[in-house]
Amino acid sequence: MAGNKTLTMIKPDAVKKNAIGGILKMINDAGFTIHAMKYTQLTKAQAELFYEVHKERPFYGELTEFMSSGPIVAAILEKDNAVEDFRKLIGATNPAEAAEGTIRKIYASSIGENAVHGSDSDENAKIEGDFHFSACERF
Ligand code: ATP
Ligand code: MG
C-alpha cells in the first residue's frame, strides 16, 4: 500500500531565487500538509551521505557541492500516495523535460540546479525523513 509521507528539499538555487513561498504555495495547493519543516544548510559531508546512492555517478561531486552551497528548506509532507503524487507535482529531473505547471518547469534552471528534491520510494521517504528530523520535530 502506498504511504502517506514524502521528504522534500527546496534546493539552494530556489532559495536564492526567493522561491520558497511560491513553492510552498504550490505544495499546499496540491493538497500536501506539513508534518515537519526546517531552514538549514547541509555540510558537504551531510550532502554526500544524503546522496550516497549516487556515489558512483559522474555528477556526485557537483551535486554534493551544490546541495551544500547554501541554505535549503527540508520538509516531510503528508498526503495519500505522497511519493508518487509529489513526483508528479515536481516534474522530470531535467526541467527541459518537465511538464507544464510542475515546480521544476516553473522554478528549475538546469538538470543540476533543479529547485526541489522528492523521495523516490516509501522506503527512501522514511530514511530521508529520519535523516533530517528527530521524533520531537514532527507534528
Ligand atoms: P532528486 O533525488 O533530487 O529528487 P531526481 O530523483 O529527479 O532528483 P536523481 O536521479 O535522483 O533525480 O538525481 C539526483 C539529483 O542529481 C538530481 O535532482 C539533480 O540535481 C542531480 N543530477 C541528476 N542527473 C544529473 C546530471 N546528469 N548532471 C548533473 N546533475 C544531475
Ligand atoms: Mg532522486
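All ligand and atom numbering here is 1-based and tracks the order in the structure.
Of the protein's non-hydrogen atoms, the one nearest atom 10 (O) of ligand 1 is H54 CE1, 3.8 Å. Nearest protein neighbour of atom 20 (O) of ligand 1, counting heavy atoms only, is G112 O, 3.0 Å. For atom 25 (C) of ligand 1, the nearest protein heavy atom (residue, atom name, distance) is F59 CD2, 3.5 Å. For atom 19 (C) of ligand 1, the closest non-hydrogen atom on the protein side is I111 O, 3.1 Å. Atom 15 (C) of ligand 1 has L63 CD1, 3.8 Å as its closest protein atom, hydrogens excluded (heavy atom only). Of the protein's non-hydrogen atoms, H117 ND1, 3.1 Å is the one closest to atom 1 (P) of ligand 1. The nearest protein atom to atom 7 (O) of ligand 1, hydrogens excluded, is given as T93 OG1, 2.5 Å; this is a heavy-atom distance. Looking at atom 3 (O) of ligand 1, its nearest protein heavy atom turns out to be K11 NZ, 2.9 Å.
For the ligand labelled ligand 1, residue R104 lies inside the 4.0 Å heavy-atom shell. Using 4.0 Å as the threshold, Y51 has a heavy atom nearer than that to some atom of ligand 1.
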Show your reasoning for whether side chain to side chain contact (heavy atoms under 4.5 Å, CB included) applies to Y51 and R57. CA-CA 10 Å; Y51 280 109; R57 304 276 202 96; over 6 Å; no
Is there a side chain to side chain contact (heavy atoms under 4.5 Å, CB included) between V116 and Y107? Walk through the geometry before answering. CA-CA 9 Å; V116 278; Y107 290 109; over 6 Å; no
For side chain to side chain contact (heavy atoms under 4.5 Å, CB included), just list the numbers for T8 and F32, CA-CA rounded to whole Å, side-chain angles, deciding distance to a tenth of an Å, and then say yes or no. CA-CA 11 Å; T8 189; F32 293 87; over 6 Å; no
Should H35 and F133 be marked as a ring pair (Phe, Tyr, Trp, His ring centres under 6.0 Å) after you check the CA-CA gap, both sets of side-chain angles, and the distance that decides it? CA-CA 10 Å; H35 180 61; F133 298 99; 8.6 Å; no
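Residue nearest to atom 18 (O) of ligand 1, selected from N124, N114, D120: N114 (by heavy-atom distance).
The pair E52-K55 counts as a salt bridge, with a side-chain nitrogen and a carboxylate oxygen less than 4.0 angstrom apart.
To the nearest 0.5 Å, atoms OG1 (T6) and NZ (K79) are separated by 11.5 Å.
In this structure, a donor-acceptor pair under 3.5 Å is absent between the side chains of S110 and E113. Side-chain N/O atoms of S68 and K44 include no donor and acceptor closer than 3.5 Å.
Residue R87 has at least one heavy-atom neighbour below 4.0 Å for each of these atoms of ligand 1: 4 (O), 5 (P), 6 (O), 7 (O).
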